[in-house]
Amino acid sequence: MLDKAKTLTHGAYDAAAASALKILVIHTRWNVEIVSALRDGVLSSLTNQYAIPRSNIDVVEVPGAFELPFATKALLKQGKYDAVIPIGVLIKGATVHFEYISEAATHALMNVGLESGTPVIFGILTCLTEEQALQRAGIGRGEEKGHNHGIDWAAAAVEMALLNQGKARKH
Ligand code: DLZ
């Protein structure tokens, strides 16, 4: 029920416009297993659910979550992307700088989106434990694997990019 509400349903959006979008994915090298699963969730959703060709999607790596806003701003200057999905993982139990990095990156990403006029999605998981982060990447260690939030970020990127082109969903 909740997951359905996050994903654009067929017929509720301009599928042709969606499939022509150019998307930038930037991900960190910290917490590589979890980040890779999230990145793959994003890529699979963009290409399978929204039929965006892989050649329309650029994937760039940065060291950590702190670098995501700078990289987003720098790469948006090229003027070729309709939306950006920065991906990172911060785990409170494992990251001494947790509060500093998560607050700084969150505010800075919001500002880059507002200042650039290009939608920037919030693809940073801020979790209390590693297991929580694994669950939110759909790779939980137990029987319950959880849900890959990359799928939701892809949907948010498509929805906001279309909205930015004046093709918002109307009810
Ligand atoms: C330094 C640091 C720490 C302690 N933890 C994380 C983390 O859990 N996730 C992450 O993405 N990055 C972490 N970093 C690295 C910083 O984001 C940044 O890359 C470095 O401080 C260099 O500026």
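Worth knowing before you read on, the calculation uses all heavy atoms, side chains too, and leaves out hydrogens, waters and symmetry mates. Numbering of ligands and ligand atoms starts at 1, following listing order.
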ask   = Taking it one step at a time, do His27 and Glu61 satisfy side chain to side chain contact (heavy atoms under 4.5 Å, CB included)?
value = CA-CA 5 Å; His27 68 84; Glu61 269 185 28; 3.3 Å; yes
request  = For side chain to side chain contact (heavy atoms under 4.5 Å, CB included), just list the numbers for Val89 and Ile91, CA-CA rounded to whole Å, side-chain angles, deciding distance to a tenth of an Å, and then say yes or no.
outcome  = CA-CA 7 Å; Val89 173; Ile91 301 168; 3.9 Å; yes
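With hydrogens and angles disregarded, no donor-acceptor distance shorter than 3.5 Å links the side chain of Asn31 to the backbone of Ile34. In this structure a side-chain-to-backbone donor-acceptor pair under 3.5 Å is present from Gln135 to Glu144.
Using a cutoff of 4.0 Å between basic side-chain nitrogens and carboxylate oxygens, Arg141 and Glu130 are not scored as salt-bridged.
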Please give the N or O to N or O pairs under 3.5 Å between ligand 1 and the protein, distances rounded to 0.1 Å.
residue, atom, partner, partner atom, Å
ligand 1, 8 (O), Asn31, ND2, 3.4
ligand 1, 8 (O), Thr95, OG1, 2.9
ligand 1, 9 (N), Val89, O, 2.9
ligand 1, 11 (O), Ala65, N, 2.8
ligand 1, 17 (O), Ala65, N, 3.2
ligand 1, 17 (O), Phe66, N, 3.1
ligand 1, 19 (O), Gly64, N, 3.3
ligand 1, 19 (O), Glu67, OE1, 2.5
ligand 1, 23 (O), Glu67, OE2, 2.5

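Screening residues 37-60 for salt bridge (Lys or Arg N to Asp or Glu O under 4.0 Å), with sequence neighbours left out, gives Asp58-Lys80.
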